[in-house]
Amino acid sequence: MDLAALLGDQLERLFLDHVDRNCLHAAESGIWPAALWSAVEDFGLRTALVPEAAGGSGLGWSEAGAILQRTGRFAAPIPLGETMIAAALLARAGIAIPEGVLVFADGRALKVDDGLIEGRLPAVAWAHAASHLVVAAGPDDDTRLCLLDLRHAEAHPLRSIGRDARDDVVLRGAKPVATAPIEAAAAVGILELGALMRASQIAGALRRVMELAVDYANTRQQFGRPIGRFQAIQQSLAQLAAEVAAAEVASAAGWRARDKSEAGLGKAGFEAAVARIRCSEAARLGCAIAHQVHGAIGVTDEHMLHYFTRRLWLWRLEFGAETWWAEELGATVLEAGGDKLWPLLTRDDPA
Amino acid sequence: MDLAALLGDQLERLFLDHVDRNCLHAAESGIWPAALWSAVEDFGLRTALVPEAAGGSGLGWSEAGAILQRTGRFAAPIPLGETMIAAALLARAGIAIPEGVLVFADGRALKVDDGLIEGRLPAVAWAHAASHLVVAAGPDDDTRLCLLDLRHAEAHPLRSIGRDARDDVVLRGAKPVATAPIEAAAAVGILELGALMRASQIAGALRRVMELAVDYANTRQQFGRPIGRFQAIQQSLAQLAAEVAAAEVASAAGWRARDKSEAGLGKAGFEAAVARIRCSEAARLGCAIAHQVHGAIGVTDEHMLHYFTRRLWLWRLEFGAETWWAEELGATVLEAGGDKLWPLLTRDDPA
Amino acid sequence: MAAAFHFELCDLPRDEARALRSKVRNFLNDVSAGWTIADRARSWTAFDRDFSRQVGRHGWIGMTWPANYGGHERSALERYVVLEEMLAAGAPVAAHWIADRQSGPLILRVGTDEQKREFLPRIARGELAFCIGLSEPDSGSDLASLRSKATRISGGWRLDGAKIWTTNAHQSDFMIGLFRTAPASETARHIGLSQFLIDLKSSGIEIRPIADLTGESHFNEVRFDAVFVPDSMMVGREGDGWAQVNAELAFERSGPDRYLSAYPLVPPMLDAIGKTGFEAQAARDVGRLVARLATLRAMSISVAGMLQAGATPLQEAALIKDLGVDLEQDTPRLVEDLVGLPPAFDDPGGLAAATAYVTQVAPTFSLRGGTREIMRGLTARGLGLR
Amino acid sequence: MAAAFHFELCDLPRDEARALRSKVRNFLNDVSAGWTIADRARSWTAFDRDFSRQVGRHGWIGMTWPANYGGHERSALERYVVLEEMLAAGAPVAAHWIADRQSGPLILRVGTDEQKREFLPRIARGELAFCIGLSEPDSGSDLASLRSKATRISGGWRLDGAKIWTTNAHQSDFMIGLFRTAPASETARHIGLSQFLIDLKSSGIEIRPIADLTGESHFNEVRFDAVFVPDSMMVGREGDGWAQVNAELAFERSGPDRYLSAYPLVPPMLDAIGKTGFEAQAARDVGRLVARLATLRAMSISVAGMLQAGATPLQEAALIKDLGVDLEQDTPRLVEDLVGLPPAFDDPGGLAAATAYVTQVAPTFSLRGGTREIMRGLTARGLGLR
């Protein structure tokens with residue numbers, strides 16, 4: 001068994017032990033799942049994507065995608081993906097990785113003046129659970145990866161449908177702990193990583209939602225038989241299955257392209273956009289079907305379903321909402337013209 | 001029994017006798033159904049909407065809507081609605097109604113110079129079966145209803161999915177047979193009448209399509225029972241029924257508004273747009289369901305279904321496509337602002 | 001089959017409707033100053049006894065009932081005007097909605113004179129909140145499988161069992177509950193059900209609010225442990241409960257609450273798109289939305305006209321519910337598409353919060369009053385599919 | 001249930017795929033000069049023996065078959081490259097498509113050596129057109145109810161009955177038909193079916209093209225009246241027809257022809273929207289379309305990889321077909337929305353005509369290879385719904 005599979009299985013067992021309704025409920029009330037996080041840290045998952053030479057596990061992006069899918073499958077209320085990716089970015093840039101929880105954000109709107117960073121980062125996931133924040137900021141000819149200590153930032157807590165912590169982060173002349181030069185495309189490349197992270201989480205959560213719906217349909221009796229025997233329910237669940245399949249494939253293909261274009265961030269934008277858009281669509285339709293099958297029980301706190309659907313609804317909107325990505329991708333395609341679409345769809349090298 | 005109901009019943013019997021697969025097939029090959037048309041003329045339907053004082057039957061617009069719904073129900077390959085409405089327009093303007101088949105068109109793109117009319121009218125329905133054409137043309141301060149002799153126009157035959165005759169009509173300095181002053185809003189008002197005409201035809205054809213699908217589902221055996229016993233088919237047909245209901249109500253409400261705003265053409269635009277948009281949507285979804293239920297037989301010439309679905313697909317696009325009307329209506333609503341929508345929806349007087 | 005469903009357009013009585021609408025609008029304008037978009041999005045799940053009493057004082061509850069029972073002897077179509085104005089404004093109507101829509105009409109139709117005198121005037125004043133006890137833990141849409149039972153005892157009935165998904169039970173004064181008064185037979189599972197008026201303060205009743213995914217509680221589980229109900233509180237005839245409940249459903253499925261649940265998002269969405277500079281495609285989406293709204297309103301008023309005329313348009317009501325629910329469920333996505341939504345927000349009353357709320361409750365729109373699948377099955381039977 | 005379906009990404013063999021793709025594109029560029037949009041929209045229903053012979057000369061039919069049967073011993077994934085390039089370009093592939101996709105592989109899998117030697121090389125040269133005789137007038141999706149029968153006679157079989165919806169029978173050389181060689185039992189209706197290679201020039205065969213709603217004929221009714229087929233023309237084992245047919249379906253349901261049928265409308269649609277000045281919402285719709293296309297392609301290649309590895313991914317194929325058909329059927333509406341369509345047109349090769357064509361044939365997309373309802377039922381069983 002290879003390392004990625006081993007880590008994945010360990011993580012699955014850990015989540016099975018820790019991530020139940022109580023854990024999710026507590027996290028949504030603002031209680032940090034410290035035991036869960038420290039178990040995850042003990043597995044060395046923080047540095048899973050860091051090269052072995054730099055003390056990490058050296059996993060590839062596609063392997064990371066499989067791990068993120070598991071966090072989605074359990075709606076694990078910890079920023080594992082955020083931390084893994086932030087650490088990977090730091091390691092690639094040669095910046096030492098600090099302890100604790102890390103998050104990252106799209107830094108394109110930030111201003112850099114004499115090395116100090118100014119600006120507002122809207123709705124950063126888990127900012128107030130994290131010690132440090134990673135962004136790429138600066139002009140095209142001097143874009144730098146910056147590690148910021150969140151103690152020197154204001155975090156304004158927000159509400160969201162998902163109810164995991166989200167904060168507006170305001171930087172007022174913040175001085176990074178460390179910086180390193182990075183290609184200009186990294187700023188949008190980081191957004192792509194976030195979008196892919198959410199895409200994989202959606203795929204994982206959506207398969208779980210399907211399983212919940214199938215279990216419920218096989219259990220719940222109406223009119224003298226399980227509702228799963230009714231053709232109308234069967235046809236709906238088949239549609240849900242198709243969305244799950246599409247989400248799984250689209251997210252995996254997004255990470256594959258990321259792996260293939262190791263040369264630089266921001267080069268796998270097409271596949272990232274596809275993953276983001278398709279997974280978000282799948283989430284929308286999938287949640288509707290799962291709730292319809294579950295009936296009233298599905299919208300109550302007595303059932304697990306909504307812990308997944310609420311996050312699916314939220315994840316669709318993060319790291320660039322589905323509408324934003326669709327617009328970006330569509331504009332690229334239109335500007336290229338009709339006869340460039342097929343070559344784009346069949347490109348086998350994202351670099 | 002009142003006159004409208006009597007005419008409707010006569011027409012229904014006439015269509016039952018005349019409008020079968022052969023009649024439709026012949027009409028689509030370009031053969032004019034002369035016997036059918038002369039029977040319709042004999043009923044006095046050409047002037048059904050002309051006031052009694054002017055020698056007509058004096059029916060209201062809503063009553064016309066019911067008759068048009070019947071032409072849709074049979075996909076009758078004659079421009080009865082076109083002729084009725086053209087005659088009504090002429091009578092209201094005090095212009096003598098010529099014999100034969102009449103058509104009308106949106107004349108807003110025409111130029112009037114020294115009483116002569118210049119311009120192109122795209123895809124006029126039944127132009128080459130008609131003797132005369134009615135349009136409203138001219139500048140806002142001198143808009144005139146114009147009766148044109150089609151012998152003095154060029155008609156370029158077109159193809160369409162519906163396969164009833166459609167022609168581009170080109171006028172090169174054509175001199176109208178007669179003109180009369182009319183309110184400036186009449187130009188768009190005539191387009192509304194055409195849109196409502198097609199909306200009613202859609203409602204009629206769509207109910208027929210539903211009946212065909214229900215009959216087929218009750219007859220066709222698969223896996224040892226009629227396919228209409230399968231819940232998946234039942235659920236689809238229920239959706240089709242909802243679309244039929246929406247089309248019937250939307251088109252009727254459009255004509256009702258037309259009746260209430262007798263004061264002037266162009267004042268029932270909101271309800272006309274609603275009818276047009278909603279009926280077009282219904283046609284799109286309804287055709288898809290009906291074909292799915294019918295399976296392969298539905299796309300063959302052996303079955304009547306496609307004589308209706310092809311016209312439904314065509315009618316959606318005529319007298320301003322659904323997209324055009326939706327854009328117009330949406331722009332009106334947006335320009336008015338959010339708190340004006342509810343008063344608009346609840347207006348009880350279109351004038 | 002041609003008679004499977006038929007809608008005749010119905011005109012609201014023009015002069016009366018105008019005067020009434022203008023009064024309701026003025027009232028709502030006055031009281032709504034502090035309502036946020038998110039408040040309005042809650043509308044008929046928002047329970048506000050003060051508001052309901054004000055509505056009662058205006059004579060807008062029990063509008064069609066006889067004056068001697070506290071009613072106002074207006075037509076069902078005038079009542080329609082009040083209902084749709086309340087919903088379009090997102091008024092907090094939950095404290096009188098069910099009593100006005102279902103419980104009161106039921107009592108008026110099949111109740112005893114004593115029941116009418118006791119309950120209807122208080123309902124009409126906006127003082128009595130009702131809930132409806134139908135579903136049970138093991139029977140959702142399949143009402144014939146109900147097991148909660150009423151046992152005849154001296155002077156009345158003893159109720160045992162449980163109801164679930166009872167909207168607002170925790171805030172209501174009375175429940176009208178459906179209980180089994182005789183065993184079901186294999187061939188006629190619908191027989192033996194009867195309705196009771198139950199004072200929720202009775203001993204033996206335990207009401208447990210069920211938290212929902214929004215963090216609020218509208219549903220409840222209501223347990224009955226040897227609850228006494230006097231004979232005088234049976235509603236209608238013993239064993240007729242099933243038929244009585246079904247007659248209510250045409251009212252429930254075709255009203256304006258069946259397509260306006262998400263309406264309070266629409267005006268702020270239009271304003272957020274802007275009066276100028278919008279894209280043609282955005283205008284198209286808005287145009288299509290408005291066409292659906294206007295058509296559903298005409299369909300709903302048509303059914304109101306049939307109900308007013310004494311008909312029981314179950315087929316037509318089912319079609320409205322199917323289309324109305326689709327529209328309501330599509331609305332949050334439209335906001336996302338046309339306005340854009342932030343993933344998280346700090347204004348709990350704003351459009352983003354309101355849309356998040358509607359997204360979460362929208363799944364119930366296609367459940368209440370019979371699931372989408374049940375509605376479509378009903379339509380299919382009406383079409384003659386066998 | 002966790003194993004209901006599983007897609008592993010599959011990479012096309014990079015260097016081979018690149019070289020091959022570039023050859024196919026060059027060929028198609030050269031031959032496609034005169035193809036209108038409407039021609040391209042017909043693609044795999046367009047029957048052109050000259051074109052098929054050219055494709056055969058390039059070695060792009062029977063690509064994966066052994067060289068001794070005229071094949072080219074390339075991988076299924078290389079073949080995939082050729083298929084998708086042909087479809088994306090809207091090439092007229094009907095004269096070899098069925099033989100290459102279904103009939104040839106079937107013969108290769110279960111045919112006799114004599115059959116392989118006789119048919120495969122000619123198919124690979126693009127010289128033999130095949131059709132598939134499955135459906136009958138009284139059985140559409142319910143193949144187990146087939147009644148056309150084969151009766152054993154001296155030296156072979158006598159066929160009687162009728163097949164319907166047989167694509168291209170009127171232009172084909174051979175049919176592979178499924179006939180009943182033994183009576184069905186009540187409990188196992190699938191037994192007793194066998195497949196035959198039938199020369200369509202045999203006496204006793206009557207082929208009647210069925211005009212369709214576009215005015216063209218692709219479907220046929222094929223009647224068999226005492227048609228003789230020699231023993232050597234039975235395909236596979238007597239009574240195994242049902243299993244053999246089902247094994248074919250995974251190929252049919254997951255190929256690029258299951259999501260690219262409407263693709264030829266897309267590039268001209270993009271050009272009609274324009275490279276600049278488009279609306280953000282139009283871009284979004286295009287972006288969503290492209291995301292669906294790219295995902296379906298990855299899914300389809302994933303299944304191609306499984307087939308190459310010898311698996312029978314029926315569940316995965318059914319999911320692709322469901323999603324692919326939706327995409328294809330949505331495409332004409334997208335053209336209408338983003339470009340606008342005139343109700344009538346004078347250019348029979350243009351985008352409006354092509355869209356009208358696709359609108360009319362689109363209903364069949366969700367029928368061929370098993371209806372949408374059948375596909376979803378298959379998926380439901382895979383999910384463990386019982």
Side-chain angles (χ1 to χ4, degrees), chain B residues 62 207 210-211 214-215 217-218 226 228-229 231 233-250 252-253 256 270-271 273-278 280-281 322-346 348-349, chain C residues 1-2 4-5 7-9 11-12 14 17-18 21 81 84-85 88-89 263 266-271 273-276 278 280-299 302 316 318-320 322-323 373 375-386:
Chain B
S62 294
R207 189 175 269 262
M210 175 184 79
E211 290 170 3
V214 169
D215 282 349
N218 277 332
R229 289 277 296 279
Q231 199 187 18
I233 303 290
Q234 293 184 347
Q235 300 266 311
S236 289
L237 287 172
Q239 285 182 273
L240 172 53
E243 296 302 311
V244 172
E248 289 175 345
V249 169
R256 174 176 64 178
F270 174 70
E271 290 81 1
V274 165
R276 182 67 180 137
I277 298 162
R278 192 62 189 86
S280 297
E281 277 295 311
E322 185 252 345
T323 47
W324 184 86
W325 281 101
E327 192 175 318
E328 288 287 303
L329 177 59
T332 305
V333 166
L334 284 167
E335 284 158 10
D339 58 4
K340 295 294 185 297
L341 175 57
W342 185 248
L344 182 65
L345 284 166
T346 53
D348 51 11
D349 182 356
Chain C
M1 195 201 68
F5 56 88
F7 291 84
E8 282 288 340
L9 292 188
D11 283 306
L12 296 176
R14 179 157 143 169
R18 273 192 189 173
R21 194 182 297 283
V81 170
E84 68 174 359
E85 290 294 326
Y263 185 80
V266 175
M269 175 186 82
L270 299 179
D271 291 336
I273 298 169
K275 292 192 179 192
T276 56
F278 47 80
Q281 264 209 88
R284 269 181 225 161
D285 285 344
V286 168
R288 288 180 184 132
L289 171 71
V290 170
R292 291 166 77 187
L293 278 166
T295 303
L296 274 160
R297 181 169 180 266
M299 295 174 82
S302 166
E316 290 78 5
L319 295 172
I320 290 172
D322 201 12
L323 293 172
E373 291 78 14
M375 288 301 98
R376 291 184 179 165
L378 196 155
T379 300
R381 277 197 298 284
L383 291 173
L385 291 162
R386 46 185 192 264

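Protein chains get the first letters and strands the later ones, always in sequence-line order, with residue 1 at the start of each.
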Q | Nearest heavy-atom neighbours spanning C:Leu323 and B:Ala246 | A | CD1-CB, 3.9 Å

Q.
Quick check: closest heavy atoms across C:Gly377 and B:Gln235, and the distance to 0.1 Å?
A. N-NE2, 3.8 Å

Q) Taking side chain as C-beta onward, heavy atoms only, is C:Leu383 less than 4.5 Å from B:Met210? A) yes

Q | Straight-line distance of C:Leu378 CG to B:Gln234 CD, nearest 0.5 Å | A | 11.5 Å

Q.
Less than 4.0 angstrom from a charged side-chain N to a carboxylate O is my criterion; do C:Arg288 and B:Glu322 meet it?
A. yes

Q: Heavy atoms only: give me the nearest B:Ala241-C:Thr379 pair and the separation to one decimal.
A: CB-CG2, 3.8 Å

Q) What part of C:Glu373 is in contact with chain B, defined as an atom under 4.5 angstrom from a non-hydrogen atom: side chain, backbone, both or neither? A) both

**Q.** Point-to-point distance, once rounded to the nearest 0.5 Å, from CG of B:Leu240 to CZ of C:Arg376
**A.** 11.5 Å

Q: Heavy-atom distances under 4.5 Å only: say whether C:Arg292 touches chain B with side chain, backbone, both or neither.
A: both

**Q.** Gap between atom CG of C:Leu296 and atom CZ of B:Arg278 - 0.5 Å precision
**A.** 7.0 Å

Q) Taking all atoms of both residues into account, what is the closest heavy-atom pair of B:Ala250 and C:Thr295, and its distance? A) CB-OG1, 3.6 Å

**Q.** Interface residue of largest heavy-atom contact number with chain C, from B:Ala253, B:Ala336, B:Ala245, under 4.5 Å
**A.** B:Ala245

Q: Determine the minimum heavy-atom distance between C:Gly287 and B:Leu329, stating which atoms define it.
A: O-CD2, 3.5 Å

Q: Could you tell me which portion of C:Val290 (side chain, backbone, both or neither) has an atom closer than 4.5 angstrom to a non-hydrogen atom of chain B?
A: both

Q: Report the option among B:Ala275, B:Gly330, B:Gly337 that has the most heavy-atom pairs separated by less than 4.5 Å from atoms of chain C.
A: B:Gly330

Q. Between B:Glu335 and chain C, which part of the residue has a heavy atom less than 4.5 Å away: side chain, backbone, both or neither?
A. both

(Q) Checking C:Asp11 now: which residues fulfil salt bridge (charged side-chain N to carboxylate O under 4.0 Å, His left out) with it, not counting sequence neighbours? (A) B:Arg256, B:Lys260

Q: Would you name the heavy atoms of C:Phe5 and B:Arg207 that are closest together and state the gap between them?
A: O-NH2, 2.8 Å

**Q.** Set of residues satisfying side-chain contact (heavy atoms from CB on, under 4.5 Å) with respect to C:Pro267, sequence neighbours excluded
**A.** C:Tyr263

Q | Proximal component of C:Arg21, with respect to chain B [non-hydrogen, under 4.5 Å] | A | side chain

Q: Flag the one option from C:Ala283, C:Ala298, C:Pro268 with the top tally of heavy-atom pairs under 4.5 Å to chain B.
A: C:Ala283

**Q.** chain B contact via C:Leu12 - side chain, backbone, both or neither, heavy atoms under 4.5 Å
**A.** neither

Q: Start with the C-alpha distance between B:Thr346 and C:Arg297, add both sets of side-chain angles, then the distance that settles side-chain contact (heavy atoms from CB on, under 4.5 Å), and finish with yes or no.
A: CA-CA 9 Å; B:Thr346 53; C:Arg297 181 169 180 266; 3.7 Å; yes

Q | Min side-chain heavy-atom separation C:Gln281-B:Thr323 under 4.5 Å | A | no

